[in-house]
Undergrad: 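One structure, as structure tokens, below. Some questions next.
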Amino acid sequence: MAKVRDIMQSNVDRVNTSTTVLEASKIMNDSGSSGFVVFNGDKAVGMVTDRRLLRRFVPLNRKPAEVTVKEVMSPFFKIDAEASTKEAKRKRLEAGATRLGVFEGDKFLGWVTLADLDGGSRRGTPLLNAFLHGDKAEPTEVLCPKCRSGFMERVAGKGEVVRYQCLNCGYSL
């Protein structure tokens with residue numbers, strides 16, 4: 001079984017707690033990333049995603065140069081680098097997080113995202129290329145976020161958008 005270490009991203013943007021939202025946004029835009037890790041000295045203390053910026057920064061109604069990332073960051077949901085990808089999927093679902101920080105003890109190694117977990121067999125191939133070339137992701141077991149006792153199954157009808165539905169409670173995504 002694959003380990004988190006095998007599919008994680010290690011080239012994650014890093015900023016200090018005193019970095020402003022404006023500076024961090026420029027870093028994200030320049031690198032084309034959707035998030036970054038926040039460090040206090042040499043210790044990873046949190047992360048910020050583009051989604052987090054929308055939900056936490058925008059309501060503050062302040063200038064990006066006046067707000068530090070420390071004010072809008074979220075804590076890490078940590079996973080050990082040697083954990084299985086199945087454990088990472090379970091933990092990500094339970095936490096409701098889009099990514100998990102990968103650690104070896106207290107040392108931050110990188111993170112593993114939903115896309116990494118869903119397409120781990122295509123490592124090195126951007127998700128867009130997978131769509132363009134028709135690569136199929138390996139089937140994954142996703143626990144229903146509503147009933148937490150059934151698994152989501154892919155449902156597709158003719159001319160219908162693909163969705164996932166729990167066979168236990170009927171909840172669909």
Undergrad: Do Asp13 and Val37 touch side chain to side chain, with heavy atoms closer than 4.5 Å?
TA: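 With C-beta onward as the side chain, the pair stays apart.
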Undergrad: Check this for me, if you would: do Lys91 and Glu87 make a salt bridge, where the nitrogen-to-carboxylate-oxygen distance has to be below 4.0 angstrom?
TA: no
Undergrad: Answer whether the closest heavy-atom distance between the side chains of Thr49 and Arg99 falls below 4.5 Å.
TA: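 Sidechains of Arg99 and Thr49: in contact.
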Undergrad: Given a cutoff of under 4.5 Å between side-chain heavy atoms of I, L, V, M, F, W and Y, with clusters grown through shared members, what are the other residues clustered with Val38?
TA: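 Its cluster partners, ordered by chain and number, are Val15, Val21, Ile27, Met28, Phe36, Val45, Val48, Leu53, Leu54, Phe57, Val58, Leu60, Val67, Val69, Val72, Met73.
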Undergrad: What do the steps show when you test Met47 against Ser74 for side-chain contact (heavy atoms from CB on, under 4.5 Å), and what is the final call?
TA: CA-CA 5 Å; Met47 67 176 182; Ser74 59; 3.7 Å; yes
Undergrad: Please report the closest heavy-atom contact between Ala88 and Val4, naming both atoms and the distance.
TA: CB-CG2, 3.8 Å
Undergrad: Would you find a donor on one side and an acceptor on the other, under 3.5 Å apart, between the side chain of Arg92 and the backbone of Ala97?
TA: yes
Undergrad: Strictly by salt bridge (charged side-chain N to carboxylate O under 4.0 Å, His left out), give each pair with a member in residues 44-63 just once, sequence neighbours left out.
TA: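 Listed once each, the pairs are Arg62-Glu71.
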Undergrad: Would you kindly check if the NZ (Lys) or CZ (Arg) of Lys78 is within the cone defined by 45 degrees around the ring axis of Phe103 and under 6.0 Å from the six-membered ring centre?
TA: yes
Undergrad: Are side-chain heavy atoms of Leu117 and Leu114 found at a separation under 4.5 Å?
TA: no
Undergrad: What are the two closest heavy atoms between Ala81 and Leu109, and how far apart are they?
TA: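 Heavy atoms of Ala81 and Leu109 come nearest at CB-CD1, 3.7 Å.
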Undergrad: Any chance you could measure Arg14, atom CZ, to Phe108, atom CZ, to the nearest 0.5 Å?
TA: 5.5 Å
Undergrad: Do Met8 and Leu100 sit in the same hydrophobic cluster, where Ile, Leu, Val, Met, Phe, Trp and Tyr count as joined when their side-chain heavy atoms come under 4.5 Å apart?
TA: yes
Undergrad: Among residues at least two apart in sequence or on other chains, which ones pass salt bridge (Lys or Arg N to Asp or Glu O under 4.0 Å) with Glu23?
TA: none
Undergrad: Using the rule that two of Ile, Leu, Val, Met, Phe, Trp, Tyr join whenever any of their side-chain heavy atoms come within less than 4.5 Å, decide whether Phe39 and Val102 are in one cluster.
TA: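 Shared cluster, no.
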Undergrad: Can a side-chain donor-acceptor contact be found between Asp116 and Thr113 if the only test is distance below 3.5 angstrom?
TA: yes
Undergrad: Using every non-hydrogen atom in the two residues, find where Phe76 and Ala44 come nearest and quote the distance to one decimal.
TA: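 So the two residues come closest at CE1-CB, 3.8 Å.
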Undergrad: Check whether Gln165 reaches the backbone of Gly170 with its side chain - one donor and one acceptor, N or O, closer than 3.5 Å.
TA: yes
Undergrad: What closest approach, in Å, do Cys166 and Cys169 show between heavy atoms, and which atom pair accounts for it?
TA: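 Smallest heavy-atom distance, with atoms named: SG-N, 3.4 Å.
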Undergrad: Give, for atom CD1 of Ile79 and atom OG of Ser84, the distance between the pair rounded to the nearest 0.5 Å.
TA: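 So the gap between those two atoms works out to 7.0 Å.
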